Amino acid sequence: MSNLLNLERVSKSYGVRPLLADVSLGIGAGDRIGIVGRNGDGKTTLLEVMTGIEEPDTGRVSRQRGLLVGYLHQGDELDDTHTVREAVLGGRSDHEWAADSRTREIVEVLLAGVSLDRAVVGLSGGERRRCSLAALLLGDHDLVVLDEPTNHLDVEAVAWLAQHLAARPSALVVVTHDRWFLDAVCQWTWEVHNGQVDAYEGGYAAFVLAKAERQRQLAASEIRRQNLVRKELAWLRRGPPARTSKPKFRIDAANQLIEDVPPPRDRLELERFATQRLGKDVIDVEDVDLVRGDRKLLSHATWRIGPGDRIGLVGVNGAGKTSVLALLSGELPPAAGKVKHGRTIALQHLTQQLDDLDPDGRVLPTVESIRRVTKTLEGQELTATSLLERFGFTGDRLTARIGDLSGGERRRFQLLRLLLTEPNVLLLDEPTNDLDIETLNVLEDFLDGWPGTLVVVSHDRYFLERVTDSVWALLGDGQVSMLPRGVDEYLERRAADLHLQGVEVPTGPDPVAGSSSSSSSSTSSSEPAKAKVGGAEERAARKTVNRIDKRLARIAEREAELNAAVLEHAQDYTALARLSAELQELAAEKEQLEMEWLEAAELLE
């Protein structure tokens with residue numbers, strides 16, 4: 001089947017900087033592709049060239065005749081003179097749109113709390129974003145292109161969106177820094193860097209594994225970046241079992257890569273060090289009522305946050321997560337009860353606002369005015385310049401005006417400035433906003449060695465699971481509730497509550513199922529059939545797996561022998577041709593066996 005869209009040797013530059021250089025790629029019917037890369041490396045430019053908004057400098061973009069493309073920009077094209085009903089539903093009355101179950105589900109999830117008769121001109125940025133996304137999803141498209149679709153969505157809505165997109169028959173191209181979303185939805189991951197686009201099969205977990213293997217094979221000189229990828233891979237392999245479903249021969253390769261990589265952080269050592277810095281008392285919330293306007297967010301709530309605690313706080317938009325952080329920081333007083341701070345705490349609060357930076361200041365002098373040298377947990381000294389480089393400020397960006405920085409750069413700078421004050425308590429409100437995946441890896445690496453108490457509000461599920469050890473939730477009952485099973489338990493409890501209210505909201509797909517690339521499209525989110533326990537089908541599948549494992553082991557031994565023979569006969573071209581032919585035959589047999597292994601393993605899962 002021909003592709004829906006092809007790029008043939010496409011190049012695109014802005015000024016003297018090439019963002020795309022001789023790029024060739026294609027999108028097939030039903031493909032679901034995630035695009036990753038550093039901010040400014042050309043991800044949005046690639047989308048605009050694909051959709052025809054921008055013309056390439058050289059090369060050719062071809063689209064299937066009659067191709068229907070839906071594109072969610074980072075901005076929006078809503079008409080301020082319209083109501084939400086007109087902008088999203090084409091002015092249809094309630095009885096018209098509510099009769100369609102698909103339309104009803106999209107409206108109930110994405111436009112929850114937004115009156116359909118409100119004027120677009122009065123909507124917040126987050127509400128406008130959700131209206132644009134809802135309008136696009138209500139359309140019928142052959143290709144859906146989304147630029148950061150999870151912005152302004154809570155964890156629950158992100159899970160719903162992942163399941164909705166995985167079930168749509170249309171092809172999908174999405175730019176996002178939400179790594180859980182990439183795993184849940186995408187069959188392929190494209191990395192944009194240095195003007196090139198590298199394709200990796202699978203979602204984010206598979207991308208990390210493949211990239212680590214590729215870097216090892218090429219003996220990449222960028223040691224620091226490779227170490228971050230290897231560390232990320234180590235966490236992925238040690239994380240929940242559902243994070244990746246690579247078969248045994250893939251898992252063995254991953255384990256070999258990370259066998260000498262320590263866990264991302266030594267939790268007991270960090271807690272011990274945090275206790276030394278903080279004492280036993282950090283923040284105690286005692287019998288607190290928290291009121292905003294006419295809404296009571298907390299009622300007789302008690303919550304103790306201790307030294308070294310690393311807490312993720314979740315809840316629907318409007319549940320009061322930002323207000324609770326303000327309560328913890330002391331910026332917002334309780335209506336009743338007490339919030340007690342330990343005597344030794346040095347607290348910093350990262351808000352969602354970017355207006356606390358002096359636009360006329362320069363990057364390096366501003367950082368040096370706070371601290372020229374800082375020390376890590378291991379005692380390593382880091383200069384202001386080296387810290388800035390870790391956070392992506394190099395070359396002329398070191399002396400740039402803060403007012404000239406992009407949104408992502410301002411967020412990085414704001415975060416770094418805060419960390420340089422050496423706080424022992426950090427409250428982070430949506431810290432991943434505007435950050436690319438590479439910067440998120442750096443931030444996670446920094447927090448791994450940071451010995452203090454951390455409370456994070458984020459819609460980025462991957463980031464929450466990566467940097468925190470416990471998840472607490474605002475469930476609308478006036479309390480802050482601990483969830484032993486984390487975000488999964490939160491989604492289950494929310495779905496149960498909504499079911500009691502007569503609203504069906506799915507909890508989202510298994511990230512593994514979403515990243516499967518065994519079929520070109522996914523029109524159903526149902527799980528594959530499983531063999532009956534103890535039945536003939538199960539026994540046959542187990543025999544197949546054991547047989548293939550043994551044959552793969554023999555193939556690996558034979559490949560090693562042939563590769564050694566290749567070195568011995570480097571000047572014997574007749575022998576090299578024979579050896580090469582046998583290696584190719586083994587590779588083809590190995591690929592066929594791996595496919596058989598996957599099919600048999602699916603029956604046993």
Side-chain angles (χ1 to χ4, degrees), residues 39 224 228 265 270 273-274 276-278 282-283 307-308 310 325-326 328-331 341-436 438-458 463 467:
N39 288 341
R224 171 124 193 107
L228 286 179
R265 57 179 180 272
L270 288 176
F273 200 83
Q276 292 175 356
R277 299 178 71 203
L278 283 162
V282 181
I283 302 176
R310 302 174 81 94
L325 289 189
L328 296 178
S329 70
E331 298 163 25
H341 286 183
R343 286 184 295 178
T344 59
I345 77 167
L347 184 148
Q348 286 287 359
H349 181 194
L350 180 75
T351 69
Q352 295 189 46
Q353 307 304 315
L354 289 172
D355 54 8
D356 61 341
L357 301 172
D358 177 9
D360 293 322
R362 301 280 173 173
V363 170
L364 180 58
T366 301
V367 167
E368 289 182 331
S369 70
I370 301 169
R371 182 165 274 106
R372 287 180 174 271
V373 178
T374 189
K375 283 190 176 182
T376 66
L377 180 62
E378 296 81 16
Q380 178 189 3
E381 289 191 350
L382 295 174
T383 65
T385 303
S386 62
L387 265 177
L388 283 165
E389 288 175 348
R390 284 180 69 175
F391 276 76
F393 292 95
T394 58
D396 60 352
R397 306 314 286 167
L398 288 170
T399 55
R401 282 181 70 254
I402 294 171
D404 294 334
L405 300 179
S406 68
E409 288 173 325
R410 286 166 68 88
R411 190 65 168 168
R412 275 187 272 149
F413 182 77
Q414 184 187 42
L415 191 56
L416 177 58
R417 191 185 64 164
L418 178 148
L419 293 171
L420 277 171
T421 64
E422 295 189 356
N424 52 26
V425 178
L426 268 178
L427 309 179
L428 304 180
D429 194 356
E430 296 292 355
T432 66
N433 283 356
D434 299 314
L435 299 184
D436 55 44
E438 188 164 323
T439 304
L440 289 175
N441 288 339
V442 172
L443 173 59
E444 290 159 356
D445 181 57
F446 194 95
L447 291 175
D448 285 340
W450 177 77
T453 295
L454 179 68
V455 182
V456 180
V457 168
S458 178
F463 182 80
V467 303

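In this text the structure is predicted, and so the values were computed from the model without any measurement.
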Evaluation steps, side chain to side chain donor-acceptor pair (under 3.5 Å), between Gln414 and Arg417: CA-CA 5 Å; Gln414 184 187 42; Arg417 191 185 64 164; over 6 Å; no
Intermediate values then yes/no, side-chain contact (heavy atoms from CB on, under 4.5 Å), Leu426 and Leu418: CA-CA 9 Å; Leu426 268 178; Leu418 178 148; 2.9 Å; yes
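Between Asp429 atom CG and Ser458 atom OG the span is 9.0 Å, to the nearest 0.5 Å. Atom-to-atom distance recorded for Phe463:CZ and Leu447:CG is 5.5 Å, nearest 0.5 angstrom. Here Leu350 contributes atom CG and Leu427 contributes atom CG; the two are 9.5 Å apart, rounded to the nearest 0.5 Å. From Leu428, atom CG reaches atom CD of Gln348 across 10.5 Å, with rounding to the nearest 0.5 Å. Taking OG1 of Thr421 as the reference point, atom CG of Leu347 lies at 9.5 Å (rounded to 0.5 Å). Interatomic distance, Leu398 CG to Asp396 CG, rounded to the nearest 0.5 Å: 8.5 Å.
Between the side chains of Thr383 and Ser386, a donor-acceptor pair is found at a separation under 3.5 Å.
The heavy-atom pair separating Ser369 from Thr366 by the smallest distance is OG-O, 2.5 Å. Shortest non-hydrogen contact noted between Ala384 and Glu368 is CB-CG, 3.8 Å. What you find for Ile402 and Val363 is that their closest heavy atoms are CG1-N, 4.4 Å. Here the closest heavy-atom approach between residue Ser329 and residue Ala326 is recorded as OG-O, 3.0 Å.
With Asp436 contributing its side chain and Asn39 its backbone, the two residues share a donor-acceptor pair below 3.5 Å. Between the side chain of Arg310 and the main chain of Val455, no donor-acceptor pair closer than 3.5 Å is present. With hydrogens and angles disregarded, a donor-acceptor distance shorter than 3.5 Å links the side chain of Asn424 to the backbone of Ala346. Between the side chain of Thr453 and the main chain of Gly308, a donor-acceptor pair closer than 3.5 Å is present. His341 places a side-chain N or O within 3.5 Å of a backbone atom of Leu328 that can act as its donor or acceptor partner. A side-chain donor-acceptor contact under 3.5 Å links Arg362 to the backbone of Thr399.
Residues that satisfy the side-chain contact (heavy atoms from CB on, under 4.5 Å) test with Glu409, not counting sequence neighbours, are Phe393, Arg397, Leu405, Ser406, Arg412.
The environment of CZ in Arg401 is crowded: more than 12 heavy-atom neighbours from other residues, nucleotides or ligands sit within 6.0 Å.
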